Amino acid sequence: MSITLTDQDTHTLRTAAWGAVSLMAAAGAAGSPHKIATEGSIALTSATGLVGHVLTKAPKGVNGKSTAALADQVLPALTASMSLLKKQAPAEADNFRRTVLVAVEAATRPQKGEPSPTMAEMARKITESLDAA
């Protein structure tokens, strides 16, 4: 089955995935947000399949004046992305979920030892949003 995504669908997927990395960088601001973002970005650009083609570049307009404002954009986009992909291409929904979770895990790598409680909580919120669909 071939899947065709609208421009809005593509923007939603990019907002969700790249935004998740941005949320992790914001949650890890006490450490090295640049390294967090770099590790997460590498994970996203390493994706394969339809998801890999969509996530080759970051979307424009994913930002917020606060972490809460960013989360207001990103967390619903994660749920919407999963709903969209589950309906149109279930295998790609699994691929998207795994890709985002690998990016979240990669984003925690620059931390020494265990992820901070703040980063662990942000990862939980991201996972919860993915699973809400």
Side-chain angles (χ1 to χ4, degrees):
M1 172 173 131
S2 177
I3 180 172
T4 304
L5 298 175
T6 65
D7 289 343
Q8 182 59 47
D9 294 341
T10 299
H11 181 73
T12 299
L13 293 171
R14 287 178 178 160
T15 297
W18 288 92
V21 170
S22 295
L23 285 173
M24 291 303 291
S32 177
H34 176 74
K35 287 182 183 177
I36 292 167
T38 298
E39 292 289 336
S41 297
I42 290 169
L44 293 181
T45 58
S46 297
T48 59
L50 173 70
V51 169
H53 290 286
V54 170
L55 299 182
T56 57
K57 60 183 177 177
K60 295 181 189 234
V62 179
N63 54 34
K65 293 185 182 209
S66 67
T67 303
L70 180 60
D72 287 346
Q73 281 185 288
V74 174
L75 298 178
L78 287 162
T79 303
S81 295
M82 289 299 296
S83 294
L84 168 77
L85 291 172
K86 280 181 177 181
K87 185 195 287 186
Q88 294 190 31
E92 287 300 322
D94 292 339
N95 185 18
F96 180 80
R97 184 181 188 282
R98 283 191 312 270
T99 297
V100 171
L101 292 178
V102 166
V104 166
E105 186 177 333
T108 64
R109 282 189 48 202
Q111 304 297 307
K112 302 268 192 269
E114 293 290 316
S116 70
T118 309
M119 289 188 76
E121 178 61 11
M122 189 60 74
R124 185 198 64 75
K125 289 176 183 178
I126 290 167
T127 302
E128 189 176 83
S129 295
L130 287 167
D131 293 343

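Along the sequence shown, the residues carry numbers beginning at 1. None of these values were measured; they are calculated from a predicted model.
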Roughly how far apart are [X] [atom1] and [Y] [atom2], rounded to 0.5 Å?
X: Met122; Y: Ser116; atom1: CE; atom2: OG; answer: 10.0 Å
X: Lys60; Y: Arg14; atom1: NZ; atom2: CZ; answer: 10.0 Å
X: His34; Y: Glu39; atom1: NE2; atom2: CD; answer: 10.0 Å
X: Glu92; Y: Leu84; atom1: CD; atom2: CG; answer: 11.0 Å

Stepwise, does the side chain to side chain contact (heavy atoms under 4.5 Å, CB included) test hold for Leu101 with Leu130?
CA-CA 9 Å; Leu101 292 178; Leu130 287 167; 3.8 Å; yes
Minimal non-hydrogen separation, [X] against [Y], with atom names:
X: Ala107; Y: Met119; result: O-CE, 3.7 Å
X: Ala20; Y: Ile126; result: O-CD1, 3.7 Å
X: Val104; Y: Ala123; result: CG1-CB, 3.6 Å
X: Thr79; Y: Ser129; result: OG1-O, 2.6 Å
X: Val21; Y: Ala103; result: CG2-CB, 4.0 Å

Test log, rule side chain to side chain contact (heavy atoms under 4.5 Å, CB included), inputs Leu85 and Asn95
CA-CA 10 Å; Leu85 291 172; Asn95 185 18; over 6 Å; no
Any sub-3.5 Å donor-acceptor pair from Asp9's side-chain atoms to Thr6's backbone N or O?
yes
I'd like to know if the side chain of Thr99 reaches the main chain of Leu44, judged simply by a donor and an acceptor atom lying under 3.5 Å from each other, with no hydrogens or angles considered.
no
Flag yes if Leu5 and Phe96 sit in one hydrophobic cluster, no otherwise; membership is Ile, Leu, Val, Met, Phe, Trp, Tyr, and two members link when side-chain heavy atoms are under 4.5 Å apart.
yes
Counting C-beta onward and ignoring hydrogens, is there a side-chain heavy-atom pair between Asp131 and Met82 closer than 4.5 Å?
no
In a table with atom names and distances, give each donor-acceptor pair under 3.5 Å that connects a side chain of residues 45-53 to protein atoms at least two apart or in another chain.
unit_1, atom_1, unit_2, atom_2, d
Thr45, OG1, Ser41, O, 3.1
Thr45, OG1, Ile42, O, 3.3
Ser46, OG, Ile42, O, 2.7

Please determine whether a side-chain nitrogen of the Lys or Arg among Glu128 and Lys125 lies less than 4.0 Å from a carboxylate oxygen of the Asp or Glu.
no
Quiz: residues 67-78 side-chain donor-acceptor pairs under 3.5 angstrom, not counting sequence neighbours:
unit_1, atom_1, unit_2, atom_2, d
Gln73, OE1, Asn63, N, 3.3
Gln73, NE2, Gly61, O, 3.2

Listed by chain and number, what are the side-chain hydrogen bond (donor to acceptor under 3.5 Å, both in side chains) partners of Thr15, not counting sequence neighbours?
His11
